[in-house]
Amino acid sequence: MSGLAKKNVVLGVTGGIAAYKAAELCRLLVKSGARVRVVMTDAAKRFIGPLTMQTLSGAPVADDLFAETPGGAEGEGDGGIGHIQLGDEADVIVVAPATADTIARLAGGRADDLLGAVILASRAPVLLAPAMNVNMWGNPLTQQNLGKLVALGRFRTVGPDAGELACGWVGEGRLIDPTEILAAAERLFVKGPSEGPLNLPRDGAYEPSSHAPTRLTPQDLLGRKIVVTAGPTFEPIDDVRFIGNRSSGKMGFALAAAAARRGAEVTLIAGPVALATPIGAGITRRDVETAEQMRAALAAAVPGADAIVMAAAVGDFRPVSRAPGKLSRRARPAEALRELALVANPDLLAELGRARVGGRPLLIGFAAETGGDGAAQLSRARAKLVDKGCDAVVLNDVGAPGIGFGGDDNAVTLLFADGAQESLPRAPKTDLADALWDRLAPKLRDVGPRTEPARRTRRATVMRPVIAIGARGRGRRG
Ligand code: PMT
């Protein structure tokens with residue numbers, strides 16, 4: 001059952017070209033079992049007819065600040081105050097699209113239209129799905145306004161997406177797909193490391209610190225391009241067998257998801273794992289199988305990147321050659337496997353370290369260590385940091401029970417090139433991912449400014465631009 005079932009959702013529609021997509025969002029919300037009340041600004045009504053929204057939501061559209069009932073006209077009703085009632089009843093307010101002007105007005109606490117008044121009068125969490133021109137989106141004023149709202153603990157954002165914009169520019173600013181807005185609204189009611197129940201009490205004073213979710217998602221990676229590798233590599237022996245390792249991809253996927261939540265545009269290069277792509281804006285997934293394929297995917301993704309995180313367990317060796325078909329026991333007796341000839345794979349992290357210019361991109365490696373005491377592991381991890389030219393290395397003891405490969409938890413020590421180090425105790429990988437970004441995001445200041453939006457085009461141009469020997473057949477790609 002959807003987390004939105006029987007929830008009162010106020011859907012605020014504001015005046016941008018993406019307003020037509022609010023119709024699809026409204027349909028999805030209703031389908032998820034939510035009771036939807038649509039509030040439209042005057043500008044929104046120039047882009048999409050209230051009748052469409054009324055038909056889809058099954059309730060009158062509210063657009064009049066002075067109406068006494070949420071759907072009624074001025075002077076109608078029982079003496080109530082429409083915007084107060086809407087605000088009081090709301091379990092969540094979703095504003096899609098949220099224009100730059102709407103964000104500015106909300107940040108200014110304006111209540112001179114119905115949507116502003118409802119939001120100001122309500123204690124419900126607000127999910128903003130921004131949509132606007134790329135330069136409006138990148139404008140520090142818009143970002144400051146958004147930052148101000150997010151810092152309150154009551155406002156969350158989802159999107160925008162990058163791509164062709166109606167105004168002829170390409171870049172960030174497109175309304176994110178309605179299915180993603182729905183998923184983000186549902187997540188508000190699910191407890192998690194960075195997103196938790198945001199239902200604020202209807203009585204008592206509003207104190208962001210006490211009612212805020214367990215943790216706010218800072219937007220400190222907004223505009224950053226981040227490449228994350230995750231999972232194992234499979235190095236083929238024949239067409240059905242491979243040399244692999246026990247990495248599940250969970251650590252890398254958690255880092256990618258956290259980076260995207262914090263505003264980054266993420267390329268997630270995944271080895272063969274059974275994980276679905278994290279839901280959220282800004283994750284492009286590239287599936288690979290071998291170290292060589294991961295190398296090629298990195299070569300394509302790294303130009304323009306602000307940071308690379310190598311959480312993948314890249315195979316250090318591969319068979320010299322891949323036998324065609326399936327090696328037969330009879331044709332090739334088991335003893336012959338002892339003769340399986342291996343060759344070293346390239347060290348991708350070391351290659352990235354050598355290719356860096358002026359400390360860009362920020363380069364984060366992992367060190368999977370086993371055996372020895374903590375001090376020995378630390379010194380091996382620090383040697384990796386230096387040899388591979390990283391800015392930081394995340395050490396995890398993959399021999400310790402319950403952490404490292406495969407599990408949901410990890411415990412790490414973060415080592416920096418300047419000698420600093422910090423241990424982060426055992427926690428779910430999803431939590432650790434955010435804890436790591438808390439410490440890594442400030443380092444991005446050293447790699448220079450955020451990515452510039454795409455230049456103007458005549459018309460929109462598409463910007464889219466521990467060895468285990470296993471056999472295939474396990475797992476599922478998401
Ligand atoms: O995927 P999970 O099940 O969640 O498990 C997470 C993890 C244990 C795989 C992860 O936390 C981790 O430790 N990843 C790195 C595993 C690894 O290969 O460690 P390493 O110490 O062998 O390599 C050091 C670094 O060099 C790593 O960043 C690795 O990506 C990189 N490397 C290694 C070999 C190689 N040929 N090329 C590389 O780039």
Side-chain angles (χ1 to χ4, degrees), residues 227-235 243-258 268-275 278 288 290-299 302 307-318 342-356 362-372 376-415 424 426-433 435-436 466-468 474-475:
V227 179
V228 179
T229 66
T233 63
F234 285 181
E235 309 296 337
I243 299 176
N245 61 66
R246 300 180 192 283
S247 169
S248 63
K250 287 177 187 170
M251 190 71 244
F253 273 55
L255 282 158
L268 172 58
I269 302 176
V273 295
L275 298 177
V288 299
T290 64
E292 283 292 353
Q293 288 169 3
M294 190 169 278
R295 185 193 212 184
L298 278 165
V302 160
I308 306 170
V309 183
M310 288 289 292
V314 186
D316 280 312
F317 315 101
R318 65 173 188 272
L342 300 177
V343 64
N345 266 330
D347 187 326
L348 309 183
L349 182 58
E351 285 183 352
L352 291 165
R354 284 194 294 273
R356 285 203 303 168
L362 192 77
L363 191 57
I364 319 300
F366 268 70
E369 300 297 336
T370 57
Q377 293 196 1
L378 276 170
S379 98
R380 288 199 295 269
R382 195 158 280 289
K384 282 181 186 171
L385 188 156
V386 174
D387 295 349
K388 301 187 187 219
C390 301
D391 296 297
V393 152
V394 182
L395 160 67
N396 45 191
D397 181 351
V398 293
I403 60 167
F405 284 103
D408 288 336
D409 291 357
N410 211 353
V412 303
T413 303
L414 181 58
L415 294 91
L424 303 173
R426 179 171 172 165
K429 284 174 180 169
T430 46
D431 287 8
L432 274 175
L436 286 168
V466 169
I467 298 178
R474 289 181 311 155

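Counting starts at 1 for both ligands and their atoms, following the listed order.
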*Asks:* Starting from atom 6 (C) of ligand 1, locate the nearest protein heavy atom and write down its residue, its atom name and how far away it is, to 0.1 Å.
*Replies:* Met251 CB, 3.6 Å
*Asks:* May I ask whether Gly231 has any heavy atom positioned less than 4.0 angstrom from an atom of ligand 1?
*Replies:* no
*Asks:* Give the contacting part of Ala313 toward ligand 1: side chain, backbone, both or neither, where contact means a heavy-atom distance below 4.0 Å.
*Replies:* both
*Asks:* Find out whether Phe366 and Leu255 are in side-chain contact, i.e. whether some heavy atom of one side chain is under 4.5 Å from a heavy atom of the other.
*Replies:* yes
*Asks:* What are the atoms of ligand 1, with element, lying closer than 4.0 Å to any heavy atom of Val398?
*Replies:* 8 (C)
*Asks:* Nearest to atom 7 (C) of ligand 1 by heavy atom, Val273, Leu348, Asn396: which?
*Replies:* Asn396
*Asks:* Have a look at ligand 1 and work out which part of Val394, if any, has a heavy atom under 4.0 Å from it: side chain, backbone, both or neither.
*Replies:* neither
*Asks:* For the residue pair Gly249 and Ala230, what are the closest heavy atoms and their distance?
*Replies:* O-CB, 3.9 Å
*Asks:* Does any N or O of ligand 1 fall below 3.5 Å from an N or O anywhere on Glu369, backbone included?
*Replies:* no
*Asks:* Within less than 4.0 angstrom of ligand 1, does Glu351 place any heavy atom?
*Replies:* no
*Asks:* State whether the side chain of Asn410 and the backbone N or O of Leu432 hold a donor-acceptor pair below 3.5 Å, judged by distance alone.
*Replies:* no
*Asks:* Would you confirm whether Arg318, through its side chain, and Glu292, through its main-chain N or O, come within 3.5 Å as a donor-acceptor pair?
*Replies:* no
*Asks:* Under 4.0 Å from any heavy atom of Lys429, which atoms of ligand 1 are there?
*Replies:* 2 (P), 3 (O), 4 (O), 5 (O)
*Asks:* To check you understand the geometry: which heavy-atom pair defines the closest contact between Val393 and Ala367, and what is its length?
*Replies:* CG1-CB, 3.7 Å
*Asks:* Contact between ligand 1 and Ala291 is defined here as a heavy atom of the residue under 4.0 Å from a ligand atom; is it met?
*Replies:* no
*Asks:* Which of the numbered atoms in ligand 1 are under 4.0 angstrom from any heavy atom belonging to Gly365?
*Replies:* 28 (O)
*Asks:* What pair of heavy atoms forms the shortest contact from Ala291 to Val314, and how long is it?
*Replies:* CB-CG1, 3.6 Å
*Asks:* Between Gln377 and Gly371, is there a donor-acceptor pair closer than 3.5 Å when you use the side chain of the first and the backbone of the second?
*Replies:* yes
*Asks:* Would you confirm whether Asp409, through its side chain, and Arg426, through its main-chain N or O, come within 3.5 Å as a donor-acceptor pair?
*Replies:* no
*Asks:* Any side-chain heavy atom of Thr233 within less than 4.5 Å of one from Val288?
*Replies:* no
*Asks:* If you compare all heavy atoms of Val273 against all heavy atoms of Ala270, which two are closest, and at what distance to 0.1 Å?
*Replies:* CG2-CB, 4.4 Å
*Asks:* Using a strict 4.0 Å cut-off to heavy atoms of Asp316, name the atoms of ligand 1 that fall inside it.
*Replies:* 34 (C), 35 (C), 36 (N)
*Asks:* Tell me, please: is Pro346 in heavy-atom contact with ligand 1, that is, under 4.0 Å?
*Replies:* yes
*Asks:* Heavy atoms only, cut-off 4.0 Å: how does Val314 contact ligand 1, side chain, backbone, both, or neither?
*Replies:* both
*Asks:* Rounded to the nearest 0.5 Å, what separation is found between the OG1 atom of Thr370 and the CZ atom of Arg380?
*Replies:* 6.5 Å
*Asks:* Identify, by atom number and element, the atoms of ligand 1 in contact range of Lys250, meaning under 4.0 Å from any of its heavy atoms.
*Replies:* 1 (O), 2 (P), 4 (O)
*Asks:* Which atom names give the shortest non-hydrogen contact between Ala368 and Val398, and what distance separates them?
*Replies:* CB-CG1, 3.7 Å
*Asks:* Considering only heavy atoms of Gly406, which atoms of ligand 1 have at least one such atom less than 4.0 Å away?
*Replies:* 2 (P), 3 (O)
*Asks:* Below 4.5 Å, heavy atoms only, C-beta onward: do Asn396 and Lys429 meet side chain to side chain?
*Replies:* no
*Asks:* Would you mind checking which non-hydrogen protein atom is closest to atom 26 (O) of ligand 1, with the distance to 0.1 Å?
*Replies:* Lys388 NZ, 3.0 Å
*Asks:* Give the residue, atom name and distance (to 0.1 Å) of the protein heavy atom nearest atom 5 (O) of ligand 1.
*Replies:* Gly404 O, 3.4 Å
*Asks:* Heavy-atom contacts under 4.0 Å between Ala311 and ligand 1: side chain, backbone, both, or neither?
*Replies:* backbone
*Asks:* Quick one: nearest non-hydrogen protein atom to atom 1 (O) of ligand 1, plus distance?
*Replies:* Ser247 OG, 2.6 Å
*Asks:* So if I count the atoms of ligand 1 from 1 in the order they appear, which ones are less than 4.0 Å from some heavy atom of Gly249?
*Replies:* 1 (O), 2 (P), 3 (O)
*Asks:* Using a strict 4.0 Å cut-off to heavy atoms of Gly315, name the atoms of ligand 1 that fall inside it.
*Replies:* 36 (N)
*Asks:* Between Leu268 and Pro278, which heavy-atom pair has the shortest distance, and what is it?
*Replies:* CD2-CD, 4.1 Å
*Asks:* Nearest protein heavy atom to atom 23 (O) of ligand 1, by residue and atom, and its distance?
*Replies:* Phe366 O, 3.8 Å
*Asks:* For atom 22 (O) of ligand 1, what's the nearest protein heavy-atom neighbour? Residue, atom name and distance, please.
*Replies:* Lys384 NZ, 4.2 Å
*Asks:* Please report whether ligand 1 has a polar contact with Ala368, defined as an N or O pair separated by less than 3.5 Å (distance criterion only).
*Replies:* yes
*Asks:* What residue and atom, counting heavy atoms only, is the protein's closest point to atom 31 (C) of ligand 1, and at what distance?
*Replies:* Leu349 CB, 3.8 Å
*Asks:* What protein heavy atom sits nearest atom 30 (O) of ligand 1, and how far off is it?
*Replies:* Ala312 O, 2.7 Å
*Asks:* Could you walk me through whether Lys250 and Asp408 pass side-chain contact (heavy atoms from CB on, under 4.5 Å), step by step?
*Replies:* CA-CA 7 Å; Lys250 287 177 187 170; Asp408 288 336; 2.9 Å; yes
